[in-house]
Amino acid sequence: MQVLRFAPSPNGWLHLGHAYSALFAHEMAKRLGGRFLLRIEDIDVGRCRPEYEQAIYEDLHWLGIDWEEPVRRQSEHFAEYERHLKRLRDMGLVYPCFATRKEIQDAIAQSGIAARNWPTDPDGAPLYPGIYKDIPRTTLNRLMWEGRTYAWRLDMEKAKQEAERIHGGPITFAEEGESTRGDRGVLPVEPELFGDVVIARKDVPTSYHLSVTVDDALQGVTLVTRGQDLFPATYIHRILQVLLGFPEPRYHHHGLIRDETGRRLSKSARDMGLRELRAAGKTPADIRRMVGL
């Protein structure tokens with residue numbers, strides 16, 4: 001049986017883009033005769049709020065979406081993510097990075113490469129310059145003893161090599177939707193585009209990449225549906241799936257809901273939420289029309 005999920009973060013009100021993604025996954029699950037799960041991705045305990053989580057339930061009910069209980073809340077499973085992080089540490093594939101944002105900026109400035117020419121990852125962030133990647137063990141122990149803040153980074157080159165060794169060849173994934181470039185079918189992963197990505201922090205033993213990979217495996221998700229903005233993240237998730245011995249789901253990345261200027265909707269831009277649209281008299285049928293369903 002196919003298992004699909006919608007996994008919002010309760011750090012703001014749901015908007016039309018979330019409505020489209022939730023309806024897309026829910027209707028596909030029904031069409032396939034499968035199961036539909038709701039997961040609350042609330043590892044960012046500083047920004048997530050109970051009122052936003054409650055609003056997610058209310059908005060989805062209003063749209064006519066139902067889901068299986070209980071709902072998995074990521075903040076209740078940090079110990080689980082930490083166990084998988086330890087597995088990666090034991091494999092020698094992650095390392096602590098003590099670099100501050102300023103140190104990274106300074107390293108880029110001192111590289112001789114203009115900041116505008118420094119390579120960026122698919123999300124637009126500068127690639128990590130590796131300033132703490134190969135520090136001596138004595139220095140590492142001293143920094144940890146001092147209580148310095150750090151992040152756990154995945155050594156992407158080593159991780160990809162190990163994943164390919166385990167897999168017995170290049171890592172791919174099955175895309176049933178398409179990327180923003182129109183890619184679909186069986187596609188190769190390109191995790192090196194992200195460099196040594198952060199997969200956990202000292203105070204929070206996980207990240208979006210690690211927690212979503214663990215959760216999809218533990219919940220038996222067989223088809224991941226999500227927006228095209230998350231298409232490149234699949235490169236990281238497939239590497240982690242192979243390293244941690246998880247099954248491979250299929251993927252369907254769908255288009256994004258944009259405003260009249262072509263900008264995709266976002267919480268940070270305070271785009272009109274479903275609550276405001278409902279208060280303005282819109283109906284679930286109106287929302288479906290607005291998102292093209």
Side-chain angles (χ1 to χ4, degrees), residues 4-9 11-12 14-29 31-32 39 41 116-128 154 156 160 163 170-199 207-213 215-216 221-242 248-274 287-293:
L4 293 84
R5 47 73 164 176
F6 175 57
S9 296
N11 55 14
L14 296 189
H15 54 60
L16 285 175
H18 296 112
Y20 177 70
S21 193
L23 288 165
F24 185 95
H26 186 251
E27 295 194 358
M28 183 169 285
R31 188 163 61 249
L32 295 173
R39 182 166 72 224
E41 299 196 339
R116 65 179 178 278
N117 295 328
W118 187 264
T120 57
D121 68 20
D123 296 326
L127 289 188
Y128 174 61
L154 186 66
M156 193 60 77
K160 185 179 180 182
I171 311 300
T172 60
F173 66 99
E175 175 58 62
E176 298 182 0
E178 61 180 25
S179 72
T180 53
R181 301 179 305 187
D183 300 320
R184 65 189 316 163
V186 177
L187 305 174
V189 301
E190 302 177 77
E192 59 276 5
L193 296 179
F194 284 90
D196 290 357
V197 68
V198 171
I199 62 165
S207 65
Y208 164 72
H209 297 300
L210 181 58
S211 58
V212 75
T213 302
D215 287 349
D216 283 344
V221 173
T222 60
L223 177 58
V224 175
T225 63
R226 57 192 183 194
Q228 289 174 334
D229 55 323
L230 290 171
F231 178 89
T234 311
Y235 301 153
I236 302 171
H237 302 169
R238 281 293 296 126
I239 292 294
L240 291 174
Q241 286 162 4
V242 174
E248 175 188 355
R250 302 182 337 272
Y251 291 87
H252 189 125
H253 292 90
H254 56 69
L256 304 174
I257 303 300
R258 301 180 182 275
D259 66 12
E260 61 276 6
T261 69
R263 179 186 60 83
R264 73 180 180 89
L265 303 184
S266 71
K267 294 175 184 173
S268 59
R270 300 185 181 279
D271 286 308
M272 182 174 285
L274 297 182
I287 300 301
R288 295 175 66 86
R289 283 192 293 272
M290 292 171 74
V291 300
L293 290 175

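Along the sequence shown, the residues carry numbers beginning at 1.
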Engineer: Describe, in one word, how the ring planes of Phe173 and Tyr251 are oriented to each other, choosing from parallel (under 30°), tilted (30 to 60°) and perpendicular (over 60°).
Structural biologist: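 Perpendicular, since the angle between the ring planes exceeds 60°.
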
Engineer: Would you mind telling me which of Leu293, Ile287, Leu256 makes a side chain to side chain contact (heavy atoms under 4.5 Å, CB included) with Tyr20?
Structural biologist: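 With Tyr20 as partner, Leu293, Ile287, Leu256 yield a single side chain to side chain contact (heavy atoms under 4.5 Å, CB included), made by Leu293.
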
Engineer: Provide the closest heavy-atom pair for Ala7 versus Glu41 in the form atom of the first, atom of the second, distance.
Structural biologist: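 Answer, listing the atom of Ala7 first, then Glu41: CB-OE2, 3.3 Å.
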
Engineer: Do Leu4 and Met28 come close enough that some side-chain heavy atom pair is under 4.5 Å?
Structural biologist: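 Sidechains of Met28 and Leu4: in contact.
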
Engineer: Would Val198 and His209 count as a side chain to side chain contact (heavy atoms under 4.5 Å, CB included) if you check the C-alpha gap in whole Å, the side-chain angles of each, and the deciding distance to 0.1 Å?
Structural biologist: CA-CA 9 Å; Val198 171; His209 297 300; over 6 Å; no

Engineer: Would you compute the distance between atom OG of Ser21 and atom CG of Leu16 and round it to the nearest 0.5 angstrom?
Structural biologist: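 One gets 12.5 Å once the value is rounded to the nearest 0.5 Å.
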
Engineer: Any side-chain to backbone donor/acceptor pair from Ser179 onto Arg181? Under 3.5 Å, distance only.
Structural biologist: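 Indeed, once roles are kept as given, a pair shorter than 3.5 Å links the two residues.
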
Engineer: Could you check whether Tyr128 and Phe194 have their ring centres less than 6.0 Å apart?
Structural biologist: no

Engineer: Are the side chains of Val224 and Leu230 in contact, using a 4.5 Å heavy-atom criterion?
Structural biologist: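 In short, these two side chains do not touch, never coming nearer than 4.5 Å.
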
Engineer: Hydrogens and angles aside, do Arg226 and Thr234 bring a side-chain donor and acceptor to less than 3.5 Å of each other?
Structural biologist: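 There is such a pair (donor and acceptor under 3.5 Å, judged by atom type) between the side chains of Arg226 and Thr234.
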
Engineer: Would you call Gln228 and His254 a side-chain contact if the rule is heavy atoms closer than 4.5 Å?
Structural biologist: no

Engineer: Between Glu248 and Ala174, which heavy-atom pair has the shortest distance, and what is it?
Structural biologist: OE2-N, 3.9 Å

Engineer: Answer yes or no: is there a donor N or O on one side and an acceptor on the other, between the side chain of Asp121 and the main chain of Leu127, under 3.5 Å?
Structural biologist: no

Engineer: Determine the minimum heavy-atom distance between Tyr235 and Pro188, stating which atoms define it.
Structural biologist: CE2-O, 3.8 Å

Engineer: Ignoring hydrogens and angles, state whether a donor on the side chain of His253 or Glu175 is under 3.5 Å from an acceptor on the partner side chain.
Structural biologist: yes

Engineer: Per the side chain to side chain contact (heavy atoms under 4.5 Å, CB included) rule, which among Thr225, Leu223, Val212, Asp215 passes with Arg5?
Structural biologist: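 Among the candidates, only Val212 passes.
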
Engineer: Going from CD1 on Ile199 to CE on Met156, what distance comes out if it is rounded to the nearest 0.5 angstrom?
Structural biologist: 8.5 Å

Engineer: Answer yes when Arg238 and Glu190 have at least one side-chain N-carboxylate O distance shorter than 4.0 Å, and no when they do not.
Structural biologist: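 Here Arg238 does not pair with Glu190 in a salt bridge, since their nearest N and O are not under 4.0 Å apart.
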
Engineer: Is there a side-chain contact between Thr180 and Phe231 in this structure, where contact means two heavy atoms from C-beta onward sitting under 4.5 Å apart?
Structural biologist: no

Engineer: Do Thr222 and Pro249 come within less than 4.5 Å of each other through their side chains, counting heavy atoms only?
Structural biologist: no

Engineer: For side chain to side chain contact (heavy atoms under 4.5 Å, CB included), just list the numbers for Arg288 and Glu27, CA-CA rounded to whole Å, side-chain angles, deciding distance to a tenth of an Å, and then say yes or no.
Structural biologist: CA-CA 12 Å; Arg288 295 175 66 86; Glu27 295 194 358; 2.5 Å; yes

Engineer: Given side chains that start at C-beta, do those of Glu176 and Arg184 come closer than 4.5 Å, heavy atoms only?
Structural biologist: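 Of all side-chain heavy-atom pairs linking Arg184 with Glu176, none is under 4.5 Å.
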
Engineer: Does a side-chain heavy-atom distance below 4.5 Å link Ile171 with Lys160?
Structural biologist: no

Engineer: Against Val189, only a single residue in Ile239, Val242, Thr172 fulfils side chain to side chain contact (heavy atoms under 4.5 Å, CB included); can you say which?
Structural biologist: Ile239

Engineer: State which residues pass ring-ring contact (aromatic ring centres under 6.0 Å, His included) with Tyr208; sequence neighbours excluded, sorted by chain then number.
Structural biologist: His237

